[in-house]
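A quick write-up on the structure given underneath.
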Amino acid sequence: MIVHVGDNAREAARILLSNMLAIIERMSGSKEGMTEVNIALSGGNSPVELFDVWVNEFAGRTPWERLRLYWVDERCVPVEDEAGNYRLAKVHLLDRVPISQEHVFRIRGEQEDVEGEAMRYSSMVLSRLPLHGCIPVFDFVLLGMGTDGHTSSVFPGQNALLRTSVPYAVSRHPATGQQRIAMTGEVMIHARHTWFYVIGQDKADILRTLSCPNVRSRYPAAYVWQSAFHVELFTDIDITLSV
């Protein structure tokens with residue numbers, strides 16, 4: 001478990017992107033000769049800062065032709081809805097960089113058959129990514145965390161989604177009832193790099209508890225943090241994680 005603390009949200013984003021691109025550069029020169037880099041993006045408010053720094057400071061260093069972009073989760077809303085995670089990335093990242101649409105694999109949150117879309121996306125990911133048993137392995141899964149301790153769209157009380165063998169499943173926001181399609185726990189845990197980008201002082205208290213065993217089953221983010229094979233945190237919150 002590695003924690004990177006920046007002086008502010010933009011600095012935390014710079015550290016994350018610098019580390020990610022350095023890893024991609026090293027892997028491209030390795031014996032494996034990695035050509036495709038599979039990255040799963042998150043939604044919410046925090047990625048806006050990350051995407052902006054990526055476009056303005058790191059676009060020239062990014063091998064866009066090698067990136068394959070997927071999503072951690074999506075709200076079940078029309079594609080043009082401002083609440084959609086794909087639209088957020090489109091406006092703040094995709095429309096501003098030279099990435100081919102053929103390399104962008106969105107979750108179709110507008111589909112009426114939500115269960116069917118979760119199955120379609122699961123099947124697509126399983127067919128495209130390397131597997132660990134029956135679990136697709138992303139190179140990078142970029143996660144956020146809510147003030148309630150959720151990550152992906154797996155909310156407290158939805159622990160079955162952390163242990164299912166299905167890569168993506170339908171979840172529901174506990175307050176609004178809005179349906180989501182969410183990456184499940186095993187996929188988050190088995191990524192080559194499971195990275196949390198968590199900014200904002202309103203998340204400080206819960207962030208400090210991520211390593212506490214007694215919150216492992218209470219907060220999905222803590223479960224992933226404590227279970228993931230290669231996990232790192234990038235934040236603007238000056239903290240010492242409790243144990």
Side-chain angles (χ1 to χ4, degrees), residues 2-74 79 84-107 121 124-125 127-130 136-145 151-152 183 187-188 190-200 228-236:
I2 301 174
V3 177
H4 308 266
V5 180
D7 291 336
N8 50 54
R10 295 185 70 83
E11 181 60 23
R14 290 187 188 103
I15 297 170
L16 186 154
L17 291 163
S18 180
N19 278 265
M20 183 174 72
L21 292 174
I23 290 170
I24 292 172
E25 288 169 7
R26 287 199 302 271
M27 294 180 73
S28 65
S30 69
K31 291 182 180 179
E32 290 81 3
M34 184 182 67
T35 55
E36 294 186 2
V37 183
N38 298 302
I39 302 174
L41 305 174
S42 287
N45 294 321
S46 298
V48 172
E49 197 79 61
L50 181 67
F51 295 157
D52 186 61
V53 173
W54 200 344
V55 169
N56 290 310
E57 301 183 31
F58 291 88
R61 280 184 55 191
T62 303
W64 297 106
E65 73 283 356
R66 293 174 53 208
L67 301 196
R68 306 294 183 266
L69 299 183
Y70 302 80
W71 269 259
V72 170
D73 60 339
E74 182 59 280
V79 67
N85 292 342
Y86 168 74
R87 186 182 186 282
L88 180 89
K90 185 176 188 301
V91 170
H92 293 279
L93 178 67
L94 305 179
D95 287 349
R96 303 168 67 193
V97 297
I99 188 168
S100 169
Q101 282 301 304
E102 294 181 356
H103 298 162
V104 175
F105 304 94
R106 73 178 184 90
I107 300 172
Y121 204 73
M124 184 269 295
V125 167
S127 70
R128 293 192 55 86
L129 269 63
V137 179
F138 284 92
D139 294 300
F140 297 90
V141 170
L142 305 182
L143 297 171
M145 184 189 74
T151 194
S152 180
M183 178 184 288
V187 184
M188 291 186 265
H190 282 83
R192 291 193 175 97
H193 302 279
T194 303
W195 286 2
F196 284 86
Y197 177 66
V198 180
I199 59 174
F229 292 171
H230 305 286
V231 64
E232 299 186 34
L233 168 66
F234 300 81
T235 184
D236 63 344

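This one's a predicted model, so the numbers in the text were calculated from it and none came from an experiment.
With no hydrogens or angles considered, no side-chain donor-acceptor pair links Glu232 and His193 at under 3.5 Å. In this model, no donor atom of one side chain and acceptor atom of the other lie less than 3.5 Å apart for Tyr70 and Arg106.
Contacts of Asp7 classified as salt bridge (charged side-chain N to carboxylate O under 4.0 Å, His left out), with partners at least two apart in sequence or in another chain: none. Remark: Tyr197 pairs with no residue by the ring-ring contact (aromatic ring centres under 6.0 Å, His included) rule, at least two apart or across chains.
Distance check: Leu142 CG to Leu17 CG gives 8.5 Å after rounding to the nearest 0.5 Å. Here Asn85 contributes atom CG and Lys90 contributes atom NZ; the two are 15.0 Å apart, rounded to the nearest 0.5 Å. If you take CD on Glu49 and CG on Leu16, they are separated by 12.5 Å, rounding to the nearest 0.5 Å. Note: Glu74 CD to Leu41 CG = 11.0 Å, rounded to the nearest 0.5 Å. Note that CD1 of Ile199 is 4.0 Å distant from OG of Ser46, once rounded to the nearest 0.5 Å.
Checked against a 6.0 Å centroid threshold, the rings of Phe196 and Phe234 do not count as neighbours.
At least one donor-acceptor pair under 3.5 Å links the side chain of Thr151 to the backbone N or O of Gly144. Formation of a donor-acceptor pair under 3.5 Å by the Tyr121 side chain with backbone atoms of Phe105 is found in this model. When atom types are taken as modelled, the side chain of Thr194 and the backbone of Ala228 share no donor-acceptor pair closer than 3.5 angstrom. Between the side chain of Asp236 and the backbone N or O of Ala12 there is no donor-acceptor pair closer than 3.5 Å.
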Check the pair Arg192 / Asn38 against side-chain contact (heavy atoms from CB on, under 4.5 Å), numbers first and verdict last.
CA-CA 10 Å; Arg192 291 193 175 97; Asn38 298 302; 5.9 Å; no

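Taking a 6.0 Å sphere around CG of Asn45, one finds it holds 12 or fewer heavy atoms contributed by other residues, nucleotides or ligands.
With respect to Arg14 and Glu57, a salt bridge is recorded, a charged nitrogen being found less than 4.0 Å from a carboxylate O. Ion pairing between a basic and an acidic side chain is recognised when a charged N comes within 4.0 Å of a carboxylate O; Asp139 and Arg68 show no such pairing.
Residues His4 and Leu233 fail the side-chain proximity criterion, which asks for heavy atoms closer than 4.5 Å.
Between His190 and Phe229, the two ring planes are perpendicular [angle over 60°; tilted spans 30° to 60°].
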